[in-house]
Amino acid sequence: MSVTSALTVRVTGVRSQNPRGFGGAIFTGVPIDAHGSVVSASSYLVVRATAGALGSTRVERGQWWSVSGKLAERSIVVEGIALIEQQVEADVAELVRPSGEHIVRFIAESPEFEGLGMVKARRLWERFGAGLYDLLDGGDPDPLAVVLTAEAAQRLVEAWALHGQSRSLQWLQAQGFDLRIGRKVLEFFGDKAQALVEEDPYRLLSFCGEWTVVDRLAREKFGLRKDDARRLRGAVEEACYRVFANGHTSMLSAELMERVKPLLGTPPEGVRWRDLLAAAVSEGLKNGSFVQAHHGLQPLGALVMERQVAVAIHSRLMPGVHQELIGADAVEQVISDVFALDGVELNPEQRNAIHLAARHAFVCITGGAGVGKTTVLKALYHLYDRARVKVVQVALAGRAAKRMQEATGRPASTIASFLKGLGDGSLAGPTVLVIDEASMVDIISMSRICDALPPHVRLVLVGDPHQLMPVGPGLVLHCVQKIPSIPVAELKTVKRYGGDIATVASAVRAGTWPGMSADETAAVAFVPCEDRLIAESVVELYALRPTDTQILAPTRSGPAGTKALNLRCQERFSKGQRSVTSWNDEFEAAEHCGLNVGDVVLCTRNLWDKGLQNGSLGRVVQVEDVPRGPPTGKQALALASILWDDDDVGKPLTSDMLDDIELGYAVTVHKAQGSQWPRIIIPVTDSKFLDRTLLYTAITRSQQQVILVGNADAARRAVMAPPRAQERNVMLDLVLAKLVDGR
């Protein structure tokens, strides 16, 4: 039986930092009172605290912690002897500043104050008394130098500052804010964070705090009235943040009012929100929270980013700024050379793209799946080589960058890696930056690119606006290809595949519902199925050709989401096989990592040092014997061997990779963009994520067969409805048209 208790504990030892790799700690301690005195000489506790309770604070011997959670007895066996421990499962843990003279013990025993010891700590207390806290909080080592050496005094204030940060982080966590937000607040406000948040709690909204949490803190803890001016300003700012988070970069003034009202709730008696909000909006315009544009309101950041992108494109199209690389006759010679070297004959659409790129410093190459965009790039690179222009290739995702590199035979990187490495002089001299899968590049990424590019660098966007739109806010490729005066080469002739898949894909892309057979052996089939039976049906179809089939789901959650489908596949295909395990030193036992031999796995993050990208797929082919006890040294333990889809020999799955590897029988359509498989299965349910572009993207990942399973009516509605990208309110196209055309 367990009871909930709240205790203050002085740490006497740390059993495990970061157990299981998920943060938190397991430590031992003795209960103490408010003055630091031990409550009972025989008292002894084991505290298990999660990462959510501790935040980023490292537990050290000598610290004081206020913990709250279930207190229970736990029986353990050590060398054959049964022992009973008192254990606290701490769901709340707060680092406490030692009170009174007990700061002496805290400084003397904590490893962070190494070299000070009991004698020096005692001298400090005797010299400064309770004033020692103020000196340490002030961060000035000079007054402490009368007792310590200058070096020791500096070390003391630096170590104390870390504890101060920990207390501020935990204060924020106690109010309901996660560690990520707490770190941002501390980074921006420093040691004034708590005071500034207390002055105006709605400042936390700027760090992505949730409105409900911030509003509750402001009203319940700090007593702000419902009609307080700070609350009204905060509600207006929150509305702007939500607009941006939902993908929009602008909104109408009337829309702002409608978005703010639900945040504020019922007004006080005799008060009309509209009257107060008019003043809040006016103040927001004055302080720059948002800006009045010709077609509505824009958050200031969104306006700056869209204008930055528009100016970067316009500057590359201005007459006389960038010269034509080579003449039309020379371009035709390059096209002839491509045919002679590679045997590739370009069609008129592809030839036009080459000519446009030769004439302009900015060009957009669009087209559906299989129309030869990569073929154009390879030919275009012959042109750039002839003109002595260096080619730099990037894509948003690691897997897309790798596919780009494989297809063109030239280096490619992610946008994030490209921006990180810009200081290496890679853009010196005549250069062109080529961005692939540009339909998924949001306004934030594009603005960072445009801000970083020197004016002499040419720019090529390649993508398909009928595929998935950006996950982040804004639209780039969709807006650019709308402007008639911008050089856009649209490729329409499908070359990579034909037959039924091409016919169905073209119909879906155009918003027309195509007829599909219910025969699961057809090249394109739709197997109607109730939601509750989708997972079972998908797994049965997968089982017919598991080695060359990929399941592409619209979402991660739900009956047709990747989580449910992956667990079903594992149950069907690898149950009973040897499991991947890692050693848990707390329980002195091997624990299952969720993977078995034969499982298909997915890498969910770019692991460049491992040769893996976000989206890489592989299969567990061997499990290693995991040694007893924690790993020694810095080398992570090899737990298994995985044969990835791009290599011939297995790579080790090490313990430090576990958080980034999951089952991959089913992946989201977003993860699949830029990839291809012989056979695709697409589960379909009625979902807000289901739209024409998602289905089109999924269908065009297939080389031989596509099977859709589920709700045919939902699929039909999604195809015939306008793409979700059209629902986004953006202004890049308007800003760009005004610059380019002078509108």
Side-chain angles (χ1 to χ4, degrees), residues 248-250 291-296 298-325 352-366 380 384 387 389-392 394 396 415 418-419 422 427 429-463 465 469-470 472-490 725 728-743:
H248 309 291
T249 60
S250 67
V291 179
Q292 181 75 55
H294 291 295
H295 299 275
Q298 280 196 283
L300 179 60
L303 178 142
V304 169
M305 286 186 280
E306 287 189 333
R307 180 163 182 80
Q308 188 172 51
V309 172
V311 168
I313 293 173
H314 175 238
S315 67
R316 285 165 172 79
L317 296 175
M318 292 177 64
V321 176
H322 285 265
Q323 300 297 320
E324 183 177 16
L325 286 179
N352 175 55
I354 304 297
H355 279 279
L356 283 176
R359 290 199 303 270
H360 302 285
F362 176 84
V363 67
C364 190
I365 302 172
T366 69
L380 185 55
Y384 288 133
V389 174
K390 180 169 51 182
V391 176
V392 178
V394 299
L396 187 65
I415 290 174
F418 163 73
L419 292 172
L422 272 182
L427 300 181
T431 307
V432 60
L433 178 68
V434 181
I435 305 176
D436 198 14
E437 302 289 356
S439 70
M440 288 190 68
V441 177
D442 61 27
I443 194 64
I444 297 174
S445 298
M446 194 65 198
S447 68
R448 288 173 177 165
I449 291 171
C450 291
D451 181 52
L453 286 186
H456 72 273
V457 176
R458 305 170 84 89
L459 189 56
V460 177
L461 301 186
V462 183
M469 65 178 176
L475 298 170
V476 178
L477 185 69
H478 301 73
C479 290
V480 170
Q481 55 99 32
K482 286 183 182 179
I483 312 300
S485 53
I486 288 182
V488 176
E490 184 179 5
R728 287 199 171 180
N729 297 320
V730 299
M731 288 197 183
L732 176 60
D733 53 339
L734 300 175
V735 177
L736 193 51
K738 185 176 181 180
L739 285 174
V740 175
D741 300 333
R743 297 186 210 169

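- Heavy-atom minimum distance, S250 versus V730: OG-N, 4.0 Å.
- You'll find the side chain of H478 reaches within 4.5 Å of the side chain of P470, heavy atoms only.
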Go through it in stages, so that I can follow the logic: the residues are L477 and V441, the test is side chain to side chain contact (heavy atoms under 4.5 Å, CB included), and I'd like the CA-CA distance, side-chain angles, deciding distance and then a yes or no.
CA-CA 8 Å; L477 185 69; V441 177; over 6 Å; no
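- Remark: I486 CD1 to H314 NE2 distance equals 9.5 Å, nearest 0.5 Å.
- Residues A452 and L419 come closest through the heavy atom pair CB-CD2, 4.0 Å.
- Within the 3.5 Å criterion, the main-chain N or O of T249 finds a donor-acceptor partner in the side chain of Q298.
- At least one side-chain heavy atom of I415 sits under 4.5 Å from a side-chain heavy atom of I449.
- Atom SG of C364 sits about 10.5 Å away from atom CG of L356, to the nearest 0.5 Å.
- The closest side-chain heavy-atom distance from L325 to R359 is not below 4.5 Å.
- Between atom OH of residue Y384 and atom NZ of residue K390 there is a gap of 14.5 Å, rounded to the nearest 0.5 Å.
- Residues G463 and P465 share a closest heavy-atom pair of O-CD, 4.0 Å.
- Rounded to the nearest 0.5 Å, atoms CG (L459) and CG (L433) are 5.5 Å apart.
- Between atom OG of residue S445 and atom CE of residue M440 there is a gap of 10.5 Å, rounded to the nearest 0.5 Å.
- R316 has its side chain out of reach of R458: every pair of non-hydrogen atoms, C-beta onward, lies at least 4.5 Å apart.
- Side chain of E306 to backbone of M731: a donor-acceptor contact under 3.5 angstrom is found.
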Evaluate I435 against V460 for side chain to side chain contact (heavy atoms under 4.5 Å, CB included), listing each step before the verdict.
CA-CA 6 Å; I435 305 176; V460 177; over 6 Å; no
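- M305 pairs in a side-chain contact (heavy atoms from CB on, under 4.5 Å) with only one of the listed residues (D442, L732, I443, D451), which is I443.
- Between I365 and L461, every side-chain heavy-atom pair lies at or beyond the 4.5 Å cut-off.
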List the steps, then state whether side chain to side chain contact (heavy atoms under 4.5 Å, CB included) holds for L453 with L427.
CA-CA 8 Å; L453 286 186; L427 300 181; 3.8 Å; yes
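- Residues C479 and L736 have side chains not in contact (no heavy-atom distance under 4.5 Å, counting atoms from C-beta outward).
- Atoms CZ and CD1, on F362 and I313 in that order, are 4.0 Å from each other to the nearest 0.5 Å.
- Side chain of H456 to main chain of T431: no donor-acceptor pair is present (N/O by atom type, distance under 3.5 Å, no hydrogens or angles).
- No side-chain heavy atom of L396 sits under 4.5 Å from any side-chain heavy atom of E437.
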